[in-house]
Number of protein chains: 2
Amino acid sequence: MHCGEMGSRWGFNRTVGQMYGLLIIHEEALSAVQISEALNISRGNVSMGIKELQSWRLVQVQHKPKDRKEYYSPAGSIWEMATRVFEERRKREVDPTLSLLRDNLLDEPANQKEVFAQKQMNEIHDLLETVTHWAGELQSMSPDNLNTLMKLGSGISKVISLKDKLIK
Amino acid sequence: MHCGEMGSRWGFNRTVGQMYGLLIIHEEALSAVQISEALNISRGNVSMGIKELQSWRLVQVQHKPKDRKEYYSPAGSIWEMATRVFEERRKREVDPTLSLLRDNLLDEPANQKEVFAQKQMNEIHDLLETVTHWAGELQSMSPDNLNTLMKLGSGISKVISLKDKLIK
DNA sequence: TTAAACTTTCAGAAATTACTGAAACTTCAG
DNA sequence: CTGAAGTTTCAGTAATTTCTGAAAGTTTAA
């Protein structure tokens with residue numbers, strides 16, 4: 001139920017959220033009919049939900065021998081699930097904005113107001129670009145390194161200033 | 001228009017997104033009537049939208065001398081805007097999930113299935129906790145330090161392993 | 001080639017969410 | 001006080017999104 005409520009906040013809709021929650025909590029892979037019965041939703045809805053979850057690269061299909069049904073289970077570890085949601089949301093939420101901003105910044109400002117507007121857009125653009133670039137770099141680090149970095153927290157400042165001193 | 005379309009992805013609805021976009025792009029503060037005329041939406045809708053933006057701590061009210069009207073403008077710099085959206089979304093999207101997970105983990109598992117479910121929930125809980133804790137630490141760093149860190153990107157691994165060697 | 005067993009699609013219904021505009025409320029100058 | 005100039009609220013309507021279920025599509029064993 002909670003996954004349903006949160007589902008919409010996390011980028012998909014109620015039933016899709018519930019479906020994913022169910023798959024994560026359930027050890028064995030589930031068939032479409034099992035999902036529809038467990039959550040009391042129509043068979044068609046399950047089919048659309050699975051499609052949605054696949055577009056997020058969050059579920060995988062399995063086949064059992066001697067059984068024509070498809071069985072679904074979460075794709076990858078909890079960690080992978082997090083990076084995928086993160087990545088997909090970036091694609092949907094940030095990338096289109098970034099490309100719109102770029103397009104707008106190519107236009108010559110026609111008057112004072114547009115100069116200001118572009119200044120603001122430019123600032124947003126640079127910020128989004130720095131942050132998404134950084135996020136990409138972090139994702140390319142090994143989970144171990146990333147974990148060390150996170151555990152270090154704001155203590156990282158000290159490490160960086162140490163580095164600066166050494167260089168000098 | 002784009003801010004409207006993106007609005008819903010970024011956590012608020014179309015008109016609220018448009019309103020905020022307008023305020024950011026426009027140098028002078030705007031009155032409620034000006035906003036409703038610029039975006040072609042009802043006066044009442046503007047009032048509700050402002051309330052919503054205030055709940056995100058994204059707009060501020062100004063008063064002009066000799067004028068009883070309220071004028072609205074974005075609260076804080078682009079950087080602050082980003083951290084606020086980030087923080088508010090964490091509150092709305094992550095915190096409730098975290099507390100639900102905690103509650104569930106307090107229950108004794110009644111059977112094998114619940115043992116597995118709790119194992120999964122525990123993993124999600126720890127991940128969310130680590131990440132949100134880290135996000136908090138980052139936000140407490142000075143923008144300058146944070147910027148250095150971001151520019152360093154995945155090069156940070158090297159700095160950390162350097163530190164480890166020095167300690168040894 | 002057939003038909004049983006399954007999946008997908010999609011038009012329309014249901015549910016949810018957003019918007020309007022008129023009425024209620026607030027504030028303040030005179 | 002009063003009322004003009006503003007803001008907020010909220011019931012009802014409009015728009016959007018989600019869900020259902022029947023029909024169409026697909027796959028495979030025999």
Side-chain angles (χ1 to χ4, degrees), chain A residues 1-23 29-56 58-73 89 92-93, chain B residues 1-23 29-56 58-73 89 92-93:
Chain A
M1 291 302 109
H2 176 84
C3 291
E5 280 167 50
M6 282 299 127
S8 43
R9 299 198 183 283
W10 278 96
F12 16 78
N13 69 32
R14 188 156 47 83
T15 42
V16 174
Q18 291 180 347
M19 285 172 55
Y20 193 44
L22 178 64
L23 292 178
L30 290 169
S31 72
V33 176
Q34 287 177 305
I35 296 171
S36 81
E37 281 168 1
L39 301 175
N40 229 320
I41 59 180
S42 74
R43 184 61 191 71
N45 201 359
V46 172
S47 176
M48 293 195 293
I50 292 290
K51 218 169 97 186
E52 172 82 2
L53 286 171
Q54 278 169 336
S55 86
W56 287 75
L58 290 173
V59 289
Q60 60 192 168
V61 182
Q62 280 164 34
H63 284 277
K64 294 194 183 177
K66 290 270 179 193
D67 189 341
R68 202 184 284 169
K69 278 203 274 301
E70 300 193 320
Y71 288 84
Y72 305 99
S73 59
R89 289 186 78 172
R92 291 158 207 233
E93 297 177 4
Chain B
M1 291 302 108
H2 176 84
C3 292
E5 281 167 49
M6 281 300 127
S8 42
R9 298 196 183 286
W10 279 94
F12 15 78
N13 69 34
R14 189 155 47 83
T15 42
V16 173
Q18 291 179 348
M19 286 172 54
Y20 192 45
L22 179 64
L23 292 178
L30 290 168
S31 72
V33 177
Q34 288 177 302
I35 295 172
S36 81
E37 282 169 359
L39 301 175
N40 230 319
I41 58 180
S42 75
R43 183 65 191 68
N45 200 0
V46 172
S47 176
M48 292 193 295
I50 293 290
K51 219 168 95 188
E52 171 82 3
L53 286 171
Q54 278 169 337
S55 85
W56 286 75
L58 289 173
V59 289
Q60 60 192 168
V61 182
Q62 280 163 36
H63 284 276
K64 294 193 183 178
K66 291 271 180 192
D67 189 340
R68 202 185 285 167
K69 276 202 277 299
E70 301 193 319
Y71 289 84
Y72 306 99
S73 59
R89 289 186 78 173
R92 292 157 206 234
E93 299 177 2

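When every heavy atom of K69(B) is checked against every heavy atom of S31(B), the shortest pair comes out as CD-CB, 3.8 Å. Across V16(B) and G49(B), no two heavy atoms sit closer than the pair CG2-CA, 3.8 Å. Minimum heavy-atom separation, V61(B) to Y72(B): CG2-CE2, 3.8 Å. For V46(A) against M19(A), the heavy-atom pair with the smallest separation is O-CE, 3.6 Å.
Taken residue by residue, residues 38-54 of chain B places heavy atoms nearer than 4.0 Å to DNA chain D at R43(B), G44(B), S47(B), M48(B), K51(B). Heavy-atom distances under 4.0 Å link DNA chain D to N13(A), R14(A), T15(A) of residues 4-15 of chain A, given in residue order.
No side-chain heavy atom of Q62(A) sits under 4.5 Å from any side-chain heavy atom of E70(A). Considering only heavy atoms from C-beta on, Q54(B) comes within 4.5 Å of I50(B) through its side chain.
Nucleotide dG6(D) holds its P atom 11 Å from the CD atom of E70(B), rounded to whole Å. Atom C1' of nucleotide dT8(D) and atom NZ of K69(B) are separated by 17 Å, given to the nearest angstrom.
Consecutive Watson-Crick or G-U pairing (both distances under 3.5 Å) extending over three or more pairs maps onto DNA chain C as C:1-30 with D:1-30.
One finds the CG atom of N45(B) at 11.5 Å from the CG atom of N40(B) (value rounded to the nearest 0.5 Å). Distance check, rounded to the nearest 0.5 Å: CD1 of I35(B) to CZ of R43(B) gives 8.5 Å. Between the CG atom in L39(B) and the OG1 atom in T15(B) there is a gap of 8.5 Å [rounded to 0.5 Å].
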Using nucleotides 25-27 of chain D, report all nitrogen or oxygen pairs with the protein that are shorter than 3.5 Å.
residue : atom : partner : partner atom : Å
dT27(D) : O2   : R68(A)  : NH1          : 3.4

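Extent of DNA chain C lying under 4.0 Å from chain A heavy atoms, first and last nucleotide in 5' to 3' order, is dA4(C) to dC10(C).
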With a 3.5 Å cut-off and sequence neighbours excluded, list the donor-acceptor pairs that the side chains of residues 1-12 of chain B form with protein atoms.
residue : atom : partner : partner atom : Å
H2(B)   : NE2  : T97(A)  : OG1          : 3.2
S8(B)   : OG   : E5(B)   : O            : 3.2
R9(B)   : NE   : R92(A)  : O            : 3.3
W10(B)  : NE1  : E93(A)  : O            : 3.3

